[in-house]
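The structure under discussion appears below in the form of structure tokens.
Quick note on labels: first sequence line is chain A, next is B, and so on, each numbered from 1. Just so it is clear, the values below take in all heavy atoms, side chains as well, and ignore hydrogens, waters and symmetry mates.
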Number of protein chains: 2
Amino acid sequence: MIEIGEVTVPTATVARLPFYLRALRDLAGEGVEVTSSSDLAERSGVGSAQLRKDLSYLGSFGTRGVGYDVESLSSYISSALGLGSEHRLAIVGVGNLGHALANYSGYSARGFSLVALLDADPVVVGQEAAGLEVEHVDALERVLAERQVSMVILATPGGVAQQVAERVVACGVREILCFSPVALQLPDDVVVRSVDVAGELQILAFHAAARAAQSAQSAQAVPPAV
Amino acid sequence: MIEIGEVTVPTATVARLPFYLRALRDLAGEGVEVTSSSDLAERSGVGSAQLRKDLSYLGSFGTRGVGYDVESLSSYISSALGLGSEHRLAIVGVGNLGHALANYSGYSARGFSLVALLDADPVVVGQEAAGLEVEHVDALERVLAERQVSMVILATPGGVAQQVAERVVACGVREILCFSPVALQLPDDVVVRSVDVAGELQILAFHAAARAAQSAQSAQAVPPAV
DNA sequence: TGGTGTGAAATGTTTCACAGCC
DNA sequence: GGCTGTGAAACATTTCACACCA
């Protein structure tokens, strides 16, 4: 549950807002001006009741009997997501993944600007990526302050993620996106989102194992006619 | 809720198993042989009651008054996650991100083997990455069959993700990890996990906006003495 | 004694179903 | 007539608190 202004919005709802926004932008791109909860829901991969409930936490944006105005709903969700103000972003750890994330081109279109790249490896420091020079992580405090960074993407090796995160937090950053497979121990007011590719694959593997167990079981229960 | 064999395990629990496994492997690396629910929970970033409850869905692995044997719990969770059997993996879309994912070195250590890279771009096709040659996506059906691929990582542009996913599913693949920002429409028995970097940043931006609104409000409620 | 395993309570989320409005 | 907005019900998850046992 997250409080914003007067209202409180479920965490699960917030996690879905980006999907809705994406679907709305697709619709706008197709020239559609008005949509319905069922259309928007299908494009977002959720149920229509869920979508309506989610929006109802934020306010009331549709017209009964008609639907939602694509343009105005889109800009409302954008502003709810805080995409009106600019978010200045730094990436710490410019290995394979950090490099790929630096070259991701969608930042500016979504209200983010990438303003710094940092790494500890002398081979990487000084290289250029995405129009920025990679700086040494020793200068982290200075760089974050100078560039007024408010969000950090951590793509360092797991072993140093905790210590880098602490330094980042000490600089006043309160939002971190972490790609290292570690559970960061940070003050409660710091928001950490973690993306763990290996973990996702393991979850898929669990499903695969469950499916295998399931079909083995049903094969036993209802043996195939020979 | 996921059924596996006789028991049913909450989805949320499954999503945490990789964290526990990682923490256990860290412990094993440190030479620790026995741990407690509170230690393991802290390292995994969850509460100790939650950890015990999660494990209780899978069975009963600890010793009252003592704790858990690191080695045996670790191998139990590994096998529950289906990491005993080999999972053969293909990456479709070898752009920035796909390339970075190909070079990720942790697959084999976790029971996955990367066996194919596919892309539609003639410039990329034929290049080598991670010891594999990138093949043309036209040959997708043949390659997936020949290499017995059971899991696919989709890192294509959003526009083609749906159509590629359908071809992949037609080849019998039932587990997909998708990095494209789209809601794939696929049969119910296909498990899709999505990772959306831009979406994660947007969620962080929402938290930032909530924080800003909060402090603006409290500044108004309790105006600073002048 | 100390830490697991687990019912039961509290909390959070999704789904249902329909009143209300265009 | 059709679609939104929303209480209330159903469901899922987390937390509590304590029985149980090495």
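Rounded to whole angstrom, the span from the CE atom of A/M1 across to the P atom of C/dT14 amounts to 11 Å. Taking atom OH on A/Y76 and atom P on D/dT4, their separation rounds to 18 Å, with Å as the unit.
The salt bridge (Lys or Arg N to Asp or Glu O under 4.0 Å) contacts involving residues 12-21 of chain B comprise B/R16-B/D54, where partners must be two or more places apart or lie in separate chains. Judged as a ring pair (Phe, Tyr, Trp, His ring centres under 6.0 Å), not a single pair has a partner in residues 164-208 of chain A (not counting sequence neighbours). Residue pairs satisfying the salt bridge (Lys or Arg N to Asp or Glu O under 4.0 Å) criterion with at least one member in residues 59-86 of chain B, sequence neighbours excluded, are listed as follows: B/E86-B/R88. For residues 102-116 of chain B, there are no salt bridge (Lys or Arg N to Asp or Glu O under 4.0 Å) pairs, not counting sequence neighbours. Screening residues 30-79 of chain B for ring pair (Phe, Tyr, Trp, His ring centres under 6.0 Å) gives B/F61-B/Y76 as the qualifying pairs, with residues at least two apart or on separate chains. For residues 149-163 of chain B, no pair satisfies salt bridge (Lys or Arg N to Asp or Glu O under 4.0 Å), with sequence neighbours left out. Pairs engaging residues 80-102 of chain A under the ring pair (Phe, Tyr, Trp, His ring centres under 6.0 Å) rule: A/H87-A/F112 [sequence neighbours left out].
Within residues 183-191 of chain B, no residue has any heavy atom under 4.0 Å from DNA chain C. Taken residue by residue, residues 11-41 of chain B places heavy atoms nearer than 4.0 Å to DNA chain C at B/S36, B/S37.
Within the 4.0 Å cut-off from OP1 or OP2 of C/dG5, at least one side-chain nitrogen or oxygen of B/Y68 is found.
The shortest side-chain heavy-atom distance between A/L89 and A/L177 does not fall under the 4.5 Å cut-off.
A/E141 pairs by the salt bridge (charged side-chain N to carboxylate O under 4.0 Å, His left out) definition with A/R167, not counting sequence neighbours.
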- Task: Show the numbers, then the answer: is there a side-chain hydrogen bond (donor to acceptor under 3.5 Å, both in side chains) between B/S78 and B/R25?
- Result: CA-CA 10 Å; B/S78 281; B/R25 286 179 174 167; 3.1 Å; yes
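A salt bridge links B/D39 to B/R43: at least one charged side-chain nitrogen sits closer than 4.0 Å to a carboxylate oxygen.
With axes fitted over five pairs at each extremity, the angle between the ends of the helix from C/dT1-D/dA22 to C/dC22-D/dG1 is 10° (10° resolution).
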Sort me out a list of protein N/O and nucleotides 6-9 of chain C N/O pairs below 3.5 Å, or just none if empty.
from, atom 1, to, atom 2, distance (Å)
C/dG7, N7, B/K53, NZ, 3.3

